[in-house]
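Below is one structure, written out as structure tokens; the observations come after it.
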Amino acid sequence: MGECLKRSDTREPYLNTADVFEPLIRRLRSISALDQEDANCLRAIPISLRNLRSQQTVLAEGESASQSCIIVSGYCARTKSTAQGRRQIVSIHIPGEMPDLQTLFLVKLDHELCTLTDVSLAFVNHSDIRRLCKDRLTIRDVLWRDTLIEASLLREALLNLGQRPAPSRLAHLLYEVRERLKVLGLNDPSTFEMPLTQEQLGDALGISWVHTSRVVSMLRKEGVIDFSRGRVHVIDEKRFAALAEFDKLYLHQSPSE
DNA sequence: TCATTAACTGAGG
DNA sequence: CCTCAGTTAATGA
């Protein structure tokens with residue numbers, strides 16, 4: 001699988017636990033000016049690592065927590081389901097993100113947090129995050145900014161789901177994931193890891209898995225992208241971007257603006 | 001287990 | 001009448 005997604009040894013994955021924070025620090029630096037001292041304070045937070053298999057629940061709806069996690073490797077999703085059991089993936093999360101940071105202030109989780117692939121998660125205590133926010137205002141501010149940006153991503157996802165046709169919807173989702181991966185150091189943007197099953201993809205796009213397969217094979221036949229075994233290859237960059245209608249303003253990646 | 005494809009269906013423009 | 005998308009089912013990897 002992917003270079004940035006998996007480590008082979010799951011028992012003793014990191015000799016240096018500070019490594020765990022690098023994707024997070026890269027991400028926060030892409031949206032704000034963190035100095036060396038801020039980064040070191042983050043690296044000093046105690047963590048406990050947990051490895052989970054694909055399709056597991058990290059936190060169920062209604063649960064509370066005294067810790068939040070940083071995704072070290074693998075992809076997670078936040079989901080909500082109807083009473084009839086139809087599932088919507090509300091957001092997809094990649095390494096360096098803290099998908100359950102909200103439990104710091106919203107006591108009971110209003111959705112489920114689950115794994116889409118095998119993942120490694122680093123859990124940090126709420127008390128440590130609170131202390132850090134009190135001591136280092138730049139960190140407090142960047143976490144605030146990060147959650148506002150997350151709300152912006154949700155608005156974009158809502159537009160995508162409600163108003164774009166399925167091929168554009170898929171293209172936009174893939175384009176966004178690629179933009180977010182770039183921050184972590186994606187050297188060749190013509191190919192990237194997207195290890196979701198088509199059923200998971202369908203749950204994120206609001207279409208059935210059969211239709212997901214149709215749309216994927218349509219884009220393949222059209223020569224826009226190739227997508228197999230969890231990896232996307234962009235064949236025609238121009239048409240990919242046009243189809244996605246991608247405008248990265250909503251990612252708010254320039255720290256100064 | 002996951003992906004592909006065909007056939008049929010209905011909604012809606 | 002055409003396009004999109006859900007369902008069902010058969011089949012392949």
Side-chain angles (χ1 to χ4, degrees), chain A residues 1-8 10 50-58 60 71 73-95 99 111-121 154-178 180-181 190-247:
Chain A
M1 286 199 94
E3 41 302 336
C4 62
L5 297 179
K6 266 197 166 175
R7 309 256 184 154
S8 45
T10 56
R50 247 175 90 198
N51 296 308
L52 290 176
R53 307 295 296 180
S54 169
Q55 317 257 30
Q56 306 281 303
T57 300
V58 181
I71 303 175
S73 66
Y75 288 14
C76 293
R78 304 201 288 185
T79 71
K80 286 181 81 87
S81 299
T82 65
Q84 290 77 32
R86 298 183 69 101
R87 184 173 85 141
Q88 179 66 48
I89 290 181
V90 160
S91 57
I92 292 171
H93 296 279
I94 65 172
H111 56 269
E112 180 181 335
L113 177 61
C114 63
T115 64
L116 294 173
T117 65
D118 292 354
V119 298
S120 176
L121 304 175
L154 286 175
R155 287 189 290 275
E156 188 69 25
L158 194 55
L159 172 66
N160 203 34
L161 272 163
Q163 301 299 337
R164 282 200 258 261
S168 290
R169 234 185 274 178
L170 173 62
H172 190 279
L173 177 74
L174 296 178
Y175 203 112
E176 182 190 298
V177 168
R178 184 178 68 167
R180 285 155 65 193
L181 287 172
S190 74
T191 175
F192 60 99
E193 208 67 30
M194 193 65 193
L196 311 208
T197 67
Q198 294 194 350
E199 185 178 17
Q200 293 169 335
L201 218 45
D203 286 349
L205 297 172
I207 58 180
S208 68
W209 58 270
V210 175
H211 195 55
T212 305
S213 178
R214 280 201 286 248
V215 171
V216 168
S217 67
M218 206 186 299
L219 293 189
R220 188 165 24 229
K221 212 177 305 167
E222 296 273 315
V224 180
I225 56 166
D226 194 12
F227 186 2
S228 56
R229 278 163 282 103
R231 180 162 275 275
V232 176
H233 296 267
V234 179
I235 309 295
D236 188 333
E237 184 62 47
K238 269 207 139 123
R239 280 200 289 160
F240 180 50
L243 200 59
E245 300 178 344
F246 202 83
D247 177 351

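Letters go in sequence order (proteins before strands), and every chain restarts at 1. Keep in mind that the numbers below use all heavy atoms, side chains included, and drop hydrogens, waters and symmetry copies.
Under a 4.0 Å N-O distance rule, the pair Arg231(A)/Glu193(A) qualifies as a salt bridge.
Using cut-offs of 30° and 60° for the angle between ring planes, the Phe246(A) and Tyr175(A) rings count as parallel.
Take Phe227(A) and apply the ring-ring contact (aromatic ring centres under 6.0 Å, His included) test, not counting sequence neighbours, and it matches no residue. Under the ring-ring contact (aromatic ring centres under 6.0 Å, His included) criterion, Phe192(A) pairs with no residue, sequence neighbours left out. Not counting sequence neighbours, Glu199(A) has no partner by the salt bridge (charged side-chain N to carboxylate O under 4.0 Å, His left out) test.
Put simply, the side chain of Arg239(A) gets close to the backbone of Glu222(A): a donor and an acceptor are under 3.5 Å apart. Ser168(A) contributes no side-chain N or O that, together with a main-chain N or O of Ala244(A), makes up a donor-acceptor pair within less than 3.5 Å.
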Nucleotide-resolved protein contact map, nucleotides 5-13 of chain C, B/S/- at heavy-atom distance under 4.0 Å: BBBB-----
I'd like a table of donor-acceptor pairs (distance under 3.5 Å, sequence neighbours excluded) in which one partner is a side-chain atom from residues 205-213 of chain A, with atom names and distances.
from: Ser208(A); atom 1: OG; to: His211(A); atom 2: N; distance (Å): 3.2
from: His211(A); atom 1: ND1; to: Arg214(A); atom 2: NE; distance (Å): 3.1
from: His211(A); atom 1: ND1; to: Arg214(A); atom 2: NH2; distance (Å): 3.3
from: Thr212(A); atom 1: OG1; to: Ser208(A); atom 2: O; distance (Å): 2.8

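Of all nucleotides in DNA chain B having an atom under 4.0 Å from a heavy atom of chain A, the first and last in 5' to 3' order are dA3(B) to dA7(B).
Backbone-only contact: Thr197(A) has heavy atoms under 4.0 Å from sugar-phosphate atoms and none from a base.
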